Amino acid sequence: MIFLQVTTNTSPINYVMLFGTLAMLSLTLGIVFFVIFHQRKVIRFNDQLKKLEDDKQQILLNASIKFQEEERNRIAADLHDDVGPLLATARLYLNENLVNQEPAAQLQSIFSAKQIIDDAIQLIRNISHSMMPPTLKNFGLESAMSDLFQKINGSGTLNASVRFHDYRTRLKLEQELLIFRIIQELVNNIIKHSNAGFIHLTQNANATHSYFRLHHDGQGIVQTEFDRLNHVSTGLGLKNIASRIKVLNGRIFFEIDPSHTYYKVTLEIPKDSTY
Amino acid sequence: MIKLQLILQILEKLNYLSEFLPLLFCLLFFKKINSKEIKVFFVYITFSALLLTINLITKFKYANIVVSITVVFEFVLLSMMYFYIIKSSLVKKLIIFSIFLFAAYWIYNFSKVNLQGFKFDFLTGAVESLFFTAVIICYFYEVMQYNFTIPLFKLPSFWVSVAFLIFFSGSFFLILYSKTNFNKPGFRDQFLVIISVITIIKNILLCIALFENKNLVLNKDINPIPSNLNLDTFQPLNNQTNF
């Protein structure tokens, strides 16, 4: 703060002082406007990034919802088409006339109904297992993966193998299920699209992360292709993988080896994920 | 000639009146003065208005003492304000160091102030202007680096900084130039015109800062989520078995 009072003296205008001050003020205003415009530019850029991220989230969310609906439809179809007719048939065997039938016929009807109910139980069990594999729940990811790969190997069309190097402490069941689903989807894609001769899954870990790597010698995709497919509205599988990875706070890398003989897909999952 | 004197006197009065404007805004939005930097700013505004009142009552009889005290308190209070605004620990340390250095210089210099006639301390004023210009540029640099969400013109600290940057950079050249020309006839009037215009602009910008502070506090109060909703127990994925 500067205090001055008006005097009675007059003198010609001092241009040096006037223009000097104006120059200083212009410089100041220049700095201020530069800061404002720079920040506006940064905010606009950030908004665009946020919008892109929101769009991606929306696509993932839609994919996830669509996937859930498809899964429900599949379960509904299984129950309606398989379990429903079986139970209806069992009911036919156990109708009101059963008491009026010959004892031998009665026994035959009861036996047939029992057979059908056993089939229905087996069907329901299969549906339940497809939702939550019992091996995974009871014995963990390593056993569940071995089980899955053994089944693939048993088909004889593909050589599938699993090797877990360091899985002494199990991840949480929810994490294991998500990893299982991701690998299941990846393996499914490899079987369907890649025309591979072998699939090999390896697991390893360090203090903070668990790593899962799938090798195969078929036609695969690389990271840029995965990112591109992830942003298009068609196709559910890769989006489900991306959304599950996001839930796990993990990362996924699609690579091809330098000799171009096989593809690698690596999952990086944090051990202390808040999930 | 008479007209010129009249204009100068009006400008002088406007200058003094404008010094009270930020205090008026502070009192109007007193309840919104929540953050530490705005509290320090309020103290500074009150202090400035108080010193000006003393000067007006005593008809500038003790102007040199008042100016001398003003400079050191202005330096200390504005430094404290920027201490709270700026996040960089290095700049904070430099500010603290500068306060002590400046205070020490001021105590040494105060003994030399002529209590009878007016003697403007150019060096102190120039150092103060230069220091705050540098601090405000540091603040702008920090804002450019870290603030990506709120537009600058919605931040009270931005308007305060623009106000003081204009004031200190505008007065810096004047102070330097005045050292050799202050006693020339008519110089003080020209000095008064420029400094009055800069001071009025500064005080208007400070009022805008206080107004934006009110808006910022109001926006913080608006909570779109009802407080009676318990959202913490919501666990969307833990109980699901099928994804």
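Hydrogens, waters and symmetry mates play no part in the numbers below; they use all other heavy atoms, side chains included. Everything quoted here is computed from the prediction, not taken from an experiment.
Counting non-hydrogen atoms of neighbouring residues, nucleotides and ligands closer than 6.0 angstrom, the CZ atom of A:Arg170 exceeds 12 such neighbours. Around OH of A:Tyr211, the count of heavy atoms belonging to other residues, nucleotides or ligands within 6.0 Å exceeds 12. Few gaps surround CZ on A:Arg74; more than 12 heavy atoms of other groups in view lie less than 6.0 Å from it.
Chain B forms the most heavy-atom pairs under 4.5 Å with one residue out of A:Asp47, A:Ile31, A:Leu25, A:Leu27, and that residue is A:Leu25. Note on B:Phe153, B:Phe140, B:Tyr141: by heavy-atom pairs under 4.5 Å with chain A, the leading option is B:Phe140. Chosen from B:Thr133, B:Leu165, B:Ile136, B:Val143, the residue pairing most often with chain A at heavy-atom distances under 4.5 Å is B:Leu165.
Neither the backbone nor the side chain of A:Phe45 comes within contact range of chain B, judged by heavy atoms closer than 4.5 Å. With a 4.5 angstrom heavy-atom cutoff, B:Phe172 touches chain A only via side-chain atoms. Residue contact with chain B, scored on non-hydrogen atoms closer than 4.5 Å, involves the side chain of A:Leu29 exclusively. Contacts between B:Leu11 and chain A at a heavy-atom distance below 4.5 Å are absent for every atom of the residue. Both the backbone and the side chain of A:Val35 come within contact range of chain B, judged by heavy atoms closer than 4.5 Å.
Side-chain contact between A:Val32 and B:Phe158 is present, with heavy atoms from C-beta onward closer than 4.5 Å.
Residue B:Phe173 comes nearest to A:Thr21 through the heavy atom pair CD2-N, 3.7 Å, listed as atom of the first residue, atom of the second, then distance.
A donor-acceptor pair under 3.5 Å links the side-chain atoms of A:Gln39 to the main chain of B:Leu152, judged by distance alone.
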